[in-house]
Participant: 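Before anything else, here's the structure in question.
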Amino acid sequence: MPKPLENKLALVTGSSRGIGAAVAARLAREGASVIVNYATSAQHAEAVVQGIRSASGEAEAVGADLGELAGVKTLIAAIDGAFGGKFGGRLDILVNNAGVVDYGPFLEQPDEAYDKHFNVNVRAPIALSKDAGKRMAKSGWGRIINVGSAFGEAAPLGGVTLYIATKFALHGFTRGLSRELGPLGVTVNGVQPGPIDTELSPKEGSDEHAAMVKLTSVGRFGKVNEIAAAVAYLAGPEASYTNGENLTVDGGWNA
Ligand SMILES: NC(=O)c1ccc[n+]([C@@H]2O[C@H](COP(=O)([O-])OP(=O)(O)OC[C@H]3O[C@@H](n4cnc5c(N)ncnc54)[C@H](O)[C@@H]3O)[C@@H](O)[C@H]2O)c1
């Protein structure tokens, strides 16, 4: 039986670990050829690629720091030559997953933190979506999926104000772009995770971790695969009528 994403090229940013790695593996399992983007950890990205290949999937790693516009350009340039150029410059699925957060009181944030958060969490998805949107419009089919956050529509905790500002921005970008690309055959949606067990989230045993568990109604952090499943749905054929949605997968956090 053909897989739902066979002959599709997918790009997942920041996929050398965490949610991105799970998304890359899941999309590959569904048949997509996956570009695994990483900023600095080539070794981890290679491990993700090897994991996909050993499950008979297709993947290759591309290093590009998305905090810099030059890195965004490097990643865009890699799309043309991906998998020996067999997709002819087409890109079918873009998952804007890379993200950063610094925890701490807003009044103590250094000025450099503004660009750090906004460049990776907002500017890179915007710049990549512009290039991807053109490629997808040309082929008449595409999926852009932005990994936002439950912090993209509510602020139940302090200490992550800049991060919240970026995720609200990404949420709005998803909605706005869906209006423009929907008529061209391209859907634009978001997934908004609640607290998920990764390097980015507070460690188990910390006060922050306990506070986040309390905000869920299921009483636990989520697993990366629970987010990958939501991304796979939005990337797949069954989501053809879903556009401009920010799908919340947060254990009841924002209920
Ligand atoms: N873990 C959570 O609780 C949680 C909750 C809500 C939303 N999210 C979002 O999910 C996404 C993935 O986060 P995660 O939890 O897997 O965290 P993570 O820290 O494990 O992964 C983040 C990924 O982004 C990459 N990245 C960071 N800066 C980059 C840069 N300049 N260029 C390229 N890649 C870069 C990292 O290398 C890493 O692979 C992020 O957008 C995050 O905001 C996470």
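Just so it is clear, the values below take in all heavy atoms, side chains as well, and ignore hydrogens, waters and symmetry mates. Atoms within a ligand are numbered from 1 in the order they appear, just like the ligands themselves.
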Participant: Distance under 4.0 Å to a non-hydrogen atom of Gly18: what atoms of ligand 1 satisfy this?
Facilitator: 16 (O), 20 (O)
Participant: Could you tell me the separation between the CG atom of Asn121 and the CZ atom of Phe168, rounded to the nearest 0.5 Å?
Facilitator: 14.5 Å
Participant: Using atom types as modelled and distance alone, determine if a side-chain donor or acceptor of Thr166 lies under 3.5 Å from a backbone N or O of Phe118.
Facilitator: no
Participant: Any idea which of Val100, Ile227, Val147 brings a heavy atom closest to atom 10 (O) of ligand 1?
Facilitator: Val147
Participant: Find out whether Phe83 and Glu58 are in side-chain contact, i.e. whether some heavy atom of one side chain is under 4.5 Å from a heavy atom of the other.
Facilitator: yes
Participant: Among protein heavy atoms, which sits nearest to atom 37 (O) of ligand 1, and what does the distance come to when rounded to 0.1 Å?
Facilitator: Ser16 OG, 4.2 Å
Participant: Show me which atoms of ligand 1 lie under 4.0 Å from any heavy atom of Ser201.
Facilitator: 3 (O)
Participant: What pairs of donor and acceptor atoms, side-chain ones from residues 63-79 against any protein atom, are under 3.5 angstrom apart with sequence neighbours left out?
Facilitator:
residue	atom	partner	partner atom	Å
Asp65	OD1	Gly67	N	2.8
Thr74	OG1	Ala70	O	2.9

Participant: Examine the proximity of ligand 1 to Tyr163 and report which part, side chain or backbone, both or neither, has a heavy atom under 4.0 Å away.
Facilitator: side chain
Participant: Which is it for Leu200 and Tyr163 under the side-chain contact (heavy atoms from CB on, under 4.5 Å) test, yes or no, and what are the steps along the way?
Facilitator: CA-CA 12 Å; Leu200 179 129; Tyr163 180 74; 4.3 Å; yes
Participant: Please check if the side chain of Lys167 supplies one atom and the backbone of Val147 the other of a donor-acceptor pair under 3.5 Å.
Facilitator: yes
Participant: Please tabulate, one pair per line, all N/O donor-acceptor pairs under 3.5 Å involving side-chain atoms of residues 108-115, not counting sequence neighbours.
Facilitator:
residue	atom	partner	partner atom	Å
Gln109	NE2	Gly104	O	3.4
Asp111	OD1	Tyr114	OH	3.0

Participant: What is the nearest protein non-hydrogen atom to atom 20 (O) of ligand 1, stated with its residue, atom name and distance?
Facilitator: Arg17 NE, 2.9 Å
Participant: Describe, in one word, how the ring planes of Trp253 and Phe151 are oriented to each other, choosing from parallel (under 30°), tilted (30 to 60°) and perpendicular (over 60°).
Facilitator: perpendicular
Participant: How far is atom 5 (C) of ligand 1 from the closest protein heavy atom, and which atom is that?
Facilitator: Gly194 O, 3.1 Å
Participant: Do any nitrogen or oxygen atoms of Ala150 lie less than 3.5 angstrom from nitrogen or oxygen atoms of ligand 1?
Facilitator: no
Participant: Does the N or O separation between Thr198 and ligand 1 drop below 3.5 Å for any pair?
Facilitator: yes
Participant: Does even one non-hydrogen atom of Asp65 get within less than 4.0 Å of ligand 1?
Facilitator: yes
Participant: Using a 4.0 Å cut-off to any heavy atom of Pro193, which atoms of ligand 1 qualify?
Facilitator: 5 (C), 6 (C), 7 (C)
Participant: Do side-chain atoms of Thr13 reach the backbone of Asn97 as a donor and acceptor pair under 3.5 angstrom?
Facilitator: yes
Participant: With a cut-off of 4.0 Å, which atoms of ligand 1 are near a heavy atom of Val120?
Facilitator: 28 (N), 31 (N)
Participant: Between Val188 and Asn243, is a side-chain contact (heavy atoms from CB on, under 4.5 Å) present by the stated rule, with each step listed?
Facilitator: CA-CA 6 Å; Val188 185; Asn243 195 25; 4.3 Å; yes
Participant: Can an N or O of Ser149 be found at a distance shorter than 3.5 Å from an N or O of ligand 1?
Facilitator: no
Participant: Output yes when a side-chain donor or acceptor of Asp197 lies under 3.5 Å from a complementary backbone atom of Lys223, and no otherwise.
Facilitator: no
Participant: Considering only non-hydrogen protein atoms, determine which one is nearest to atom 17 (O) of ligand 1 and report residue, atom name and distance to 0.1 Å.
Facilitator: Leu200 CB, 3.1 Å
Participant: Please work out, at 4.0 Å between heavy atoms, whether the side chain, the backbone, both, or neither of Ile19 comes within that distance of ligand 1.
Facilitator: both
Participant: Find all atoms of ligand 1 within a distance of less than 4.0 Å from any non-hydrogen atom belonging to Pro195, and give their numbers and elements.
Facilitator: 3 (O)
Participant: Side-chain contact, heavy-atom cut-off 4.5 Å: Leu247 with Asn189?
Facilitator: no
Participant: Just to be sure I read this right, does ligand 1 sit under 4.0 Å from the backbone of Ala64, its side chain, both, or neither, counting only heavy atoms?
Facilitator: backbone
Participant: List ligand 1 atoms under 4.0 Å from Gly99, heavy atoms only on the residue side.
Facilitator: 22 (C), 24 (O), 27 (C), 40 (C), 41 (O)
Participant: Looking at non-hydrogen atoms alone, which of Asn96, Val23, Leu66 comes nearest to atom 32 (N) of ligand 1?
Facilitator: Leu66
Participant: Considering distance alone, does some N or O of Ile196 sit under 3.5 Å from an N or O of ligand 1?
Facilitator: yes
Participant: How about Ser15 and Val48: do any of their side-chain heavy atoms sit closer than 4.5 Å?
Facilitator: no
Participant: Do Leu162 and Asp102 pass the side-chain contact (heavy atoms from CB on, under 4.5 Å) test, and can you show the C-alpha distance, the side-chain angles, and the key distance before you say yes or no?
Facilitator: CA-CA 8 Å; Leu162 281 176; Asp102 284 342; over 6 Å; no
Participant: Among all protein heavy atoms in this structure, tell me which lies nearest to atom 34 (N) of ligand 1, with the distance rounded to 0.1 Å.
Facilitator: Ala98 CB, 3.6 Å
Participant: Right, does atom 44 (C) of ligand 1 have protein non-hydrogen atoms nearer than 4.0 Å?
Facilitator: yes
Participant: Given Val95, Asn37, Thr40, Asn97, which has its nearest heavy atom closest to atom 41 (O) of ligand 1?
Facilitator: Asn97
Participant: Under 4.0 Å, heavy atoms only, figure out whether ligand 1 is touched by the backbone of Lys167, its side chain, both or neither.
Facilitator: side chain
Participant: Quick test of your reading of the model: are Lys86 and Glu60 salt-bridged, counting only N-O distances below 4.0 Å?
Facilitator: no
Participant: Tell me: protein heavy atom nearest atom 7 (C) of ligand 1, and distance?
Facilitator: Gly148 O, 3.1 Å
Participant: With only distance considered, is Ser41 within less than 3.5 Å of ligand 1 through an N or O on each side?
Facilitator: no
Participant: Is there a donor-acceptor contact under 3.5 Å linking the side chains of Thr248 and Asn254?
Facilitator: no
Participant: Give yes or no for whether the N/O distance cutoff of 3.5 Å, strictly under, is met between Gly14 and ligand 1.
Facilitator: yes
